[in-house]
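A short worksheet on the structure shown next.
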Amino acid sequence: MGALQADFPGAINVVMLGPPGAGKGTQAERLARTRALPKISTGDILREAVQTGTEVGRLAKQTMEAGNLVGDDLMIAIVEDRLNRPDARCGFVLDGFPRTVVQAMALDRMVAGRGPLVVLDVVVPEDVLVRRLATRRICGKCGANAAPEWKAKCGKCGGALITRVDDGIEIVRERLKVYLRQTKPLVEYYAGRPTFSRIDGNRPPDLVTADVDAALDAAKEAAGRGVAL
Ligand code: AP5
Ligand code: MG
């Protein structure tokens with residue numbers, strides 16, 4: 001982008017890219033914890049809106065349940081509002097946004113002058129994605145992905161474990177198609193930037209996290225040396 005960290009010194013802005021089931025949410029949560037950054041997951045924001053029955057939830061429900069993408073204008077407005085909150089000034093981890101070239105262009109405008117945008121593309125073969133989503137359980141109360149050792153209840157809040165409404169096999173196939181058509185072009189959109197990294201997500205979570213950390217440290221170090229990112 002060529003933007004240095006002028007207005008927001010030290011800010012690290014992260015985008016987790018990747019298909020459904022790649023582990024974006026899992027890695028975003030770890031990154032948010034270790035780097036003390038807010039995790040901004042558009043899927044979580046929308047699911048919460050559906051659960052609480054807000055206007056946004058009403059608009060998004062059917063689209064999400066069909067595995068399609070919610071409209072760009074609404075998503076851009078949600079993210080812009082969130083990024084303008086004080087806790088995002090020192091950086092953020094975006095999970096699930098952007099998902100279209102229109103959203104990516106809007107994000108570039110939002111972060112201009114706010115430090116580098118580190119884009120991590122988590123790559124996992126399709127058969128592994130399908131398997132992961134077919135077996136995933138989430139907490140019906142707080143939305144956390146269930147850890148393997150949790151049997152019927154959430155280890156964080158005690159809520160009942162359920163299947164995510166869009167994890168049925170037909171909807172997963174639709175989500176993968178939508179990803180290929182609308183989101184994968186973002187890899188090309190970002191690939192030429194020095195802060196873009198491809199991460200092999202088909203390994204145990206700790207190994208994926210090690211690569212995510214290394215990519216972030218490299219970007220931070222380059223920014224510290226004044227390299228235009
Ligand atoms: P969203 O919630 O973002 O869903 P998604 O992109 O389809 O991705 P998932 O959350 O299913 O997977 P993930 O990559 O986060 O993987 P996770 O870490 O959970 O979006 C849902 C819907 O909201 C969209 O379909 C759309 O309708 C709407 N939406 C959201 N954002 C939008 C936007 N910007 N524009 C328009 N519409 C939008 O891991 C998956 C499973 O694998 C878990 O069980 C986990 O424990 C396991 N796992 C994770 N890592 C590993 C590993 N390394 N090895 C083995 N298992 C692993
Ligand atoms: Mg997720």
Side-chain angles (χ1 to χ4, degrees), residues 15-32 39-51 56-57 59-80 82-83 93-107 110 120-139 143-150 154-155 161-168 171-184 186 199-212:
V15 167
M16 304 296 307
L17 271 189
K24 303 183 294 295
T26 301
Q27 296 300 326
E29 193 174 325
R30 290 172 173 217
L31 209 49
K39 166 179 172 275
I40 304 173
S41 163
T42 45
D44 288 350
I45 292 170
L46 292 171
R47 278 184 289 278
E48 198 183 319
V50 170
Q51 207 166 19
V56 166
L59 289 170
K61 187 172 189 290
Q62 275 191 348
T63 308
M64 293 176 79
E65 287 177 2
N68 292 319
L69 294 187
V70 175
D72 285 332
D73 289 350
L74 178 59
M75 297 315 302
I76 290 166
I78 288 172
V79 171
E80 187 154 28
R82 183 64 190 84
L83 292 187
V93 186
L94 269 173
D95 155 31
F97 185 97
R99 254 176 151 101
T100 64
V101 171
V102 170
Q103 293 180 15
M105 290 166 73
L107 180 62
M110 289 178 220
L120 307 176
D121 181 33
V122 187
V123 181
V124 175
E126 192 169 308
D127 58 325
V128 177
L129 298 172
V130 170
R131 210 167 42 243
R132 282 186 190 175
L133 296 178
T135 53
R136 168 167 59 186
R137 295 291 174 273
I138 65 162
C139 173
N145 276 333
E149 64 274 18
W150 302 353
C154 173
L161 300 184
I162 58 166
T163 298
R164 211 170 94 173
V165 68
D166 57 350
D167 275 350
I171 305 175
V172 165
R173 298 229 176 271
E174 185 58 29
R175 286 162 63 197
L176 288 167
K177 269 196 235 158
V178 168
Y179 165 77
L180 288 176
R181 203 169 51 231
Q182 292 184 265
T183 308
K184 199 153 180 223
L186 291 184
I199 307 279
D200 177 2
N202 189 21
R203 292 169 311 145
D206 288 351
L207 296 184
V208 180
T209 303
D211 279 4
V212 166

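If you read the sequence from its start, that first residue is 1, and numbering goes on from there. Remember, it's 1-based here, ligands and their atoms both numbered in the order they're listed. Remember, it's a predicted structure, so these values are computed and weren't measured experimentally.
Taking distance alone, with nitrogen or oxygen atoms compared against 3.5 Å, Asp44 stays at or beyond that limit from ligand 1. Checked by distance only, ligand 1 and Thr63 stay at 3.5 Å or farther apart across all their nitrogen or oxygen atoms. Checked by distance only, ligand 1 and Gly23 come closer than 3.5 Å through their nitrogen or oxygen atoms. Between Gly96 and ligand 1, at least one pair of N/O atoms sits closer than 3.5 Å. At least one N or O atom of Ala22 sits closer than 3.5 Å to an N or O atom of ligand 1. Any N or O atom pair closer than 3.5 Å counts here, and Val70 shares at least one such pair with ligand 1. The distance criterion of under 3.5 Å between nitrogen or oxygen atoms is met by Asn68 with respect to ligand 1. In terms of N/O distances under 3.5 Å, ligand 1 is approached by Gly25.
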task = Would you sort out whether Lys39 and Asp44 count as a salt bridge (Lys or Arg N to Asp or Glu O under 4.0 Å), showing the intermediate values?
result = CA-CA 10 Å; Lys39 166 179 172 275; Asp44 288 350; 3.0 Å; yes

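Within the 4.0 Å heavy-atom cutoff, Gly21 counts among the residues contacting ligand 1.
With Asp166 as the fixed residue, the side chain to side chain contact (heavy atoms under 4.5 Å, CB included) test singles out one of Glu174, Met64, Glu65, Arg175: Arg175.
Protein heavy atom at the shortest distance from atom 52 (C) of ligand 1 is Arg132 NH2, 3.3 Å.
Nearest to atom 40 (C) of ligand 1 by heavy-atom distance, out of Arg203, Arg164, Arg136, Lys24, is Arg136.
For Arg137 and Asp167, the salt-bridge test fails: no basic side-chain N is under 4.0 Å from an acidic carboxylate O.
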